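Just so it is clear, the structure is predicted and the values come from calculations on it, not from any experiment.
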Amino acid sequence: MTHQFTALTPEQKQELSSIAQRVVASGKGILAADESTGTMGKRLEKIHVENTEENRRYFRQLLFTADSTISQCIGGVIFFHETLYQKTDAGVPFPKLVKDKGIVVGIKVRCVQIHTDQPVCVSGLDGLMSSCAQYKKDGADFAKWRCVLKISDSCPSSLAIEENANVLARYASICQQNGLVPIVEPEILPDGDHSLLRCQYVTEKVLAAVYKALNDHHVYLEGTLLKPNMVTAGQACPKKPSPAEVGMATVTALRRTVPAAVPGICFLSGGQSEEDASLNLSAINQCPLPKPWKLTFSYGRALQASTLSAWAGKPGNLQAAQAAFTERAKINGLASTGSYVQSGQKDKAASQSLFTASYVY
């Protein structure tokens with residue numbers, strides 16, 4: 001006979017629910033500033049900046065010290081381990097700087113990605129209990145863990161879907177026991193030539209498995225957030241769907257699989273250009289189907305590409321870079337309420353594709 005475990009006290013549940021609601025408050029989303037050292041190096045290399053700890057620190061300081069109005073559209077920031085323990089030029093710890101703006105601090109917990117010809121599985125649950133406890137003590141209130149799947153003629157397999165779902169559920173349970181809201185991220189990569197309909201079908205299968213696993217592991221859904229891919233055609237698909245088509249397919253998939261108890265769904269950008277990620281998010285929110293969750297963003301590349309381009313590693317470009325970041329954040333804040341409409345003016349940096357095959361960060 002199945003029964004409900006009382007792993008969390010009412011007070012713990014209330015704290016988790018409150019944190020999740022703050023992150024996805026109306027018009028707010030997440031800045032994913034959690035790129036690994038290697039991935040950050042690739043970003044810096046494109047603007048001819050050396051990948052040193054100081055340059056990584058300076059760029060993230062640039063983001064975190066942007067105009068205070070940023071707190072109106074950024075509800076949470078995901079930190080990389082290194083960044084959680086860094087400080088501003090004035091000696092202010094980054095977590096305090098962010099919290100003083102009213103923004104919730106999150107952390108990407110460490111996992112190991114195993115790459116094979118089959119969809120990616122992950123390991124790294126050993127030691128997660130103690131690291132989550134330490135991260136909570138050091139200022140984090142939510143966490144993120146990414147599992148990756150690919151679409152092909154034979155993928156993802158049922159086994160890969162099930163295994164990744166169970167890993168996400170175990171991670172989520174451990175996070176909640178330590179007071180961290182888990183962001184559950186089952187990402188279906190955009191690599192391939194699959195159609196919009198194929199992506200929708202796979203997304204539904206993956207999300208259904210994830211929520212069965214979360215239920216089996218007694219995860220408190222009101223204290224979680226979901227970070228999925230949008231339903232889009234593969235990068236090599238000859239037919240690119242319109243934002244309205246992406247919106248309808250995405251919301252349909254979510255309505256069929258994600259319980260209404262989940263407070264918010266924070267989409268990853270999946271290598272879309274900054275502008276496409278914003279337009280598609282706005283279209284998702286404009287979809288006429290009922291939507292019981294907040295539908296917002298958790299963007300890394302799609303919030304930083306224009307900023308990196310404007311900065312170019314030059315101290316004199318600080319204000320221009322911060323202005324670019326603030327503008328993009330405000331656009332996505334509007335998109336999270338379905339209020340963003342393209343102006344008609346094309347921004348070169350914002351329109352560039354950010355797709356990277358078999359993306360790892």
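The six-membered or imidazole ring of Tyr135 lies away from that of Phe79, with a centre-to-centre distance of 6.0 Å or more.
For residues 197-210, every residue pair satisfying the salt bridge (charged side-chain N to carboxylate O under 4.0 Å, His left out) rule, not counting sequence neighbours, is listed here: Glu204-Arg256. Pairs engaging residues 211-220 under the salt bridge (charged side-chain N to carboxylate O under 4.0 Å, His left out) rule: Lys212-Asp216 [sequence neighbours left out].
Under the 3.5 Å distance criterion, the side-chain polar atoms of Asn51 are left unmatched by any main-chain donor or acceptor of Gly38.
Residue Asp126 qualifies as open at atom CG: its count of foreign heavy atoms under 6.0 Å is 12 or below.
Residues Ser282 and Tyr340 approach most closely at OG-O, 3.0 Å, considering heavy atoms. In terms of heavy-atom proximity, Val231 sits nearest to Leu196 at O-CD1, 3.3 Å.
Residues that satisfy the side-chain hydrogen bond (donor to acceptor under 3.5 Å, both in side chains) test with Asn215, not counting sequence neighbours, are absent from this structure. Remark: Phe142 engages no residue in a ring-ring contact (aromatic ring centres under 6.0 Å, His included) (not counting sequence neighbours). For the ring-ring contact (aromatic ring centres under 6.0 Å, His included) test, residues two or more places apart in sequence or in another chain that qualify with Tyr58 are Trp311.
Looking at Thr326 and Gln322, their side chains never bring a donor and an acceptor atom within 3.5 Å of each other.
Through direct or relayed side-chain contacts under 4.5 Å between Ile, Leu, Val, Met, Phe, Trp and Tyr, Leu268 connects to no other residue.
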